[in-house]
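Quick caveat: nothing in here was measured; it's all calculated off a predicted structure. Chain letters run A, B, ... following the sequence lines, proteins first and then strands; every chain starts at 1.
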Amino acid sequence: MRVSRLMLVTLRDNPAEAEITSHQLLLRAGYIRRLAPGIYAYLPLMWRVLRKVAEVVREEMDSTGALETLLPQLQPAELWQRSGRWSGYTAGEGIMFHLEDRQGRELGLGPTHEEVVTSLAAELLRSYRQLPVNLYQIQTKFRDEIRPRFGLMRGREFIMKDAYSFHADEDCLRRTYAAMDQAYRRIFARCGLHAVAVEADSGAIGGSASQEFMVTADAGEDLILTSSDGRYAANQERAVSLAAAAVPLPGGCRSAGTGELLNTPNQTSIGDLCSAHGFDPSQIVKVLLLLARFDSGREQPLLVCLRGDQQLNEVKLANAIAAQLAAEQGSLLGITPLSADMLEQQGLPPLPFGFVGPDLGDAVLAGARRWSCSFVRLIDHTAASLESFVCGGNQPDSHRVGVSWSGLGLKPEPLDLRSAQAGDRCLHDPDQLLQASRGIEVGHIFQLGRKYSQAMEACFTSETGASEPFWMGCYGIGVSRLAQAAVEQHHDGNGIRWPLAIAPFEVVVVPANGADTTQASLAEQLYTALGRAGVDALLDDRAERAGVKFKDGDLLGIPWRVVVGRGAATGMVELVDRRGGEPRELEASHLLDLLLPEIERQRRGLLEP
RNA sequence: CGGGGCGUAGCGCAGCUUGGUAGCGCGGAUGCUUUGGGAGCAUUAGGUCGCAGGUUCGAAUCCUGUCGCCCCGACCA
């Protein structure tokens with residue numbers, strides 16, 4: 001390809017819309033253009049990158065025996081109603097774009113394809129003899145993100161590879177899951193990305209085990225915690241750890257564990273209490289009041305207890321709540337903190353926020369207009385294991401000191417509701433400490449189990465002749481996100497440094513002075529020869545000064561540059577590695593001999609030979 | 001939706017406080033010079049100042065409303 005024909009428009013300044021480096025560079029280098037929030041045009045250069053990523057994905061998926069397919073993006077609501085996800089995905093903060101056709105039929109624009117693929121499997125896969133099957137597609141997905149951002153990182157329209165596997169038993173699912181794990185590692189390595197696999201929360205997709213693949217980068221939206229020995233890595237949403245030991249409360253229990261009243265005027269926070277009375281945060285039980293909303297319409301007040309030095313992990317809380325109530329109340333739509341306004345709307349008297357104890361009675365909810373009239377009470381194990389503690393007095397400006405659970409008449413059932421933090425001790429080895437880093441989630445694999453097949457009655461006939469729901473797995477890779485993550489991980493002050501395996505072009509041939517016919521014709525010759533040798537080559541034939549062409553080449557991130565300059569008269573050219581190092585002078589006739597093996601090697605990315 | 005910010009030429013911005021009829025840099029076009037790291041000079045095109053209403057002799061500027069976009073939080077590949 002000739003640069004003059006490339007519709008290349010590069011920008012010198014960063015567009016104001018872009019915040020993170022990868023987004024800025026993709027805009028500046030003419031890879032993408034924004035059409036609306038979260039909706040981007042992939043310009044020809046970007047499309048070449050995406051095709052290369054897709055091809056790596058395709059090759060690795062195919063080599064595991066997975067079958068490529070292409071499923072409809074427009075999906076009937078009925079299918080989603082059968083799985084029970086329609087309302088959760090459309091109502092309230094749902095992420096599915098949906099619409100009505102002229103016949104009044106409701107349709108959704110696919111954010112994911114479990115329903116479609118499961119209904120197909122139910123029709124086509126009748127016998128255990130046909131299993132296992134793993135279907136995948138590479139396709140545009142639609143999600144009505146609340147706040148799209150960072151270019152391709154979180155778009156409302158994005159390209160994803162999604163795969164769905166069907167199995168006769170759980171063991172077989174585990175084997176495919178493990179095969180996907182290996183395939184994913186190869187995919188990211190081949191794309192030249194440093195990625196780490198972390199334990200993850202399954203989120204809205206559901207299922208049991210799940211693992212995310214994170215491209216490590218400071219701009220990443222996820223916090224990941226890893227042990228220094230490398231044996232444990234998890235998303236913070238999911239991470240578990242040992243909390244630091246609590247500082248024992250001097251004096252222990254008082255008044256048989258009912259505690260002694262302490263006057264605490266306006267001391268509503270843990271920090272206030274500690275500085276006023278010399279407590280350690282770990283001596284206090286903090287109480288959070290929240291409201292969970294369910295698909296069924298139920299609005300359930302929650303009372304959550306944590307040790308004062310711990311932070312609530314909302315994902316763990318949501319999972320705990322869903323486990324208790326989702327069976328009868330349908331999917332959990334959301335959890336929000338209780339506020340004075342909300343109490344007022346329910347016709348309830350105000351609560352002493354900041355002074356609430358774990359034993360706050362259900363009486364305070366009596367007469368609520370819509371809420372359930374008793375709290376669901378959840379206690380984190382850090383709080384549950386305290387022998388004696390400080391807590392709110394359930395009236396303004398008072399706390400109690402030397403309280404115990406039995407003194408309050410409560411029997412805590414400890415749950416894990418706290419967020420693990422950097423510096424915490426690991427469960428697998430308390431000598432190991434967790435370290436924090438940031439990551440961009442580029443892949444996620446799930447063992448779904450039989451959640452969807454049961455809901456949608458997708459069954460096969462087993463070896464014993466019984467009708468059984470499929471065991472399922474699903475496996476996603478954000479293809480467009482991966483491409484941008486690559487930029488986030490591989491750039492410098494001059495622009496992008498694509499890993500060669502996914503670079504739009506592998507080499508750019510630059511005649512330093514295009515008006516010099518010797519240079520121009522040698523450049524042309526090398527460009528043709530590279531093309532014949534199967535190299536994706538670019539010829540910068542623009543009537544620009546050398547500096548401009550160099551700058552643009554760096555910005556675009558083409559891995560190799562061949563400069564045909566003053567040396568052209570004697571058949572000498574210069575080879576420059578975008579990753580750095582000194583330019584190499586060489587005879588043009590030797591270029592291919594030198595460059596082809598290099599390119600061949602780099603096409604494997606980070607994969608070991 | 002809550003909090004913050006911004007809408008002026010294709011892009012990045014100034015002008016607004018103190019109203020007087022729009023400017024800078026980059027980019028585009030043309031010509032000459034230049035030609036190994038985003039060249040120089042000259043000429044030139046391009047703007048309903050987001051939109052609507054109001055105040056005023058006069059509004060980019062003041063007031064009211066509205067729309068849009070960006071950032072922080074809740075959602076996720």
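- Nucleotide B:rG38 forms no Watson-Crick or G-U wobble pair with any nucleotide shown, as no partner meets the under 3.5 Å limit on both distances.
- No side-chain heavy atom of A:Met342 sits under 4.5 Å from any side-chain heavy atom of A:Glu299.
- In terms of polar N and O atoms assigned as donor or acceptor, the side chain of A:Arg154 comes within less than 3.5 Å of the base of B:rC76 in a complementary pairing.
- Under the Watson-Crick and G-U wobble criteria, each requiring two contacts below 3.5 Å, nucleotide B:rA22 is left unpaired.
- At B:rG36, one or more side-chain N or O atoms of A:Arg566 fall inside 4.0 Å of OP1 or OP2 (strictly under the cut-off).
- Residue A:Glu145 is in base contact, counting any heavy-atom pair closer than 4.0 Å across all strands shown.
- At the heavy-atom level, A:Leu555 lies under 4.0 Å from base atoms of the strands shown.
- One cannot find a donor-acceptor pair under 3.5 Å joining the base of B:rG38 and the side-chain atoms of A:Glu544.
- Here A:Val479 lies out of heavy-atom contact (under 4.0 Å) with every strand.
- Nearest to the side-chain atoms of A:Arg561 among the listed nucleotides B:rA77, B:rG37, B:rG27 stands B:rG37.
- Within the nucleic acid shown, A:Gly476 has no heavy atom closer than 4.0 Å to any nucleic acid atom.
- Between A:Tyr31 and A:Trp498, the ring center distance clears the sub-6.0 Å criterion.
- Here the nucleotide nearest the side chain of A:Asp222, chosen from B:rC76, B:rA77, B:rG36, is B:rC76.
- Only the P atoms considered, B:rC51 is 23 Å distant from B:rG5, to the nearest whole Å.
- B:rG73 and B:rC1 make up a base pair, with Watson-Crick or G-U wobble contacts both under 3.5 Å.
- A sub-4.0 Å separation between OP1 or OP2 of B:rC71 and a side-chain N or O of A:Arg147 is present.
- Aromatic pair A:Phe213/A:Phe188: centroids less than 6.0 angstrom apart.
- In this structure, A:Pro111 reaches neither bases nor backbone, as no heavy-atom distance under 4.0 Å exists between it and the strands shown.
- Taking the side chain of A:Arg28 as heavy atoms from C-beta on, and the options B:rU35, B:rG38, B:rC71, the nearest nucleotide is B:rG38.
- Searching all strands for a Watson-Crick or G-U wobble partner of B:rG68 with both distances below 3.5 Å returns B:rC6.
- Here the side chain of A:Arg481 is nearest to one of B:rU34, B:rA77, B:rG27, namely B:rA77.
- Residue contacts for A:Gly443: at a heavy-atom cut-off of 4.0 Å it reaches the sugar-phosphate backbone alone, with no base atom in range.
- Using a 4.0 Å heavy-atom criterion, one finds that A:Ser480 contacts no nucleic acid atom at all.
- For A:Arg34 and B:rC70, the shortest distance from a side-chain N or O to OP1 or OP2 is below 4.0 Å.
- Under 4.0 angstrom from either OP1 or OP2 of B:rC11 there lies no side-chain N or O belonging to A:Arg12.
- The aromatic ring of A:Phe550 is not stacked on the base of B:rG38, since the criterion of ring centres less than 5.5 Å apart with planes inclined by under 30° is not met.
- For B:rA29, the paired nucleotide is B:rU43, the pair qualifying as Watson-Crick or G-U wobble because both relevant distances are below 3.5 Å.
- The side chain of A:Asp554 approaches B:rG37 more closely than any other nucleotide in the set B:rG37, B:rG12, B:rA77.
- Among pairs with a residue in residues 554-563 of chain A, those fulfilling salt bridge (Lys or Arg N to Asp or Glu O under 4.0 Å) read A:Asp554-A:Arg561, A:Asp554-A:Arg578, at least two apart in sequence or across chains.
- Remark: P of B:rA77 and CZ of A:Phe213 are 14 Å apart, rounded to the nearest angstrom.
- Residue contacts shown for A:Asp552 include a base, since a base heavy atom lies under 4.0 Å away.
- Nucleotide B:rA59 forms no Watson-Crick or G-U wobble pair with any nucleotide shown, as no partner meets the under 3.5 Å limit on both distances.
- Across the protein-nucleic acid pair, A:Met153 atom CE and B:rC71 atom C1' stand 17 Å apart, rounded to whole Å.
- Note on A:Gly553: nothing from the nucleic acid sits closer than 4.0 angstrom, heavy atoms only.
- Nearest to the side-chain atoms of A:Ile146 among the listed nucleotides B:rC69, B:rC11, B:rA74 stands B:rA74.
- Rounding to whole angstrom units, CG of residue A:Leu27 and P of B:rC70 are separated by 12 Å.
- Listed candidates were B:rC72, B:rG25, B:rG27. Nearest to the side chain of A:Arg149 is B:rC72.
- A:Glu212 comes within 4.0 angstrom of nothing in the nucleic acid, heavy atoms only.
- Of the candidate nucleotides B:rG36, B:rC72, B:rC75, B:rC72 has the atom nearest to the side chain of A:Phe150.
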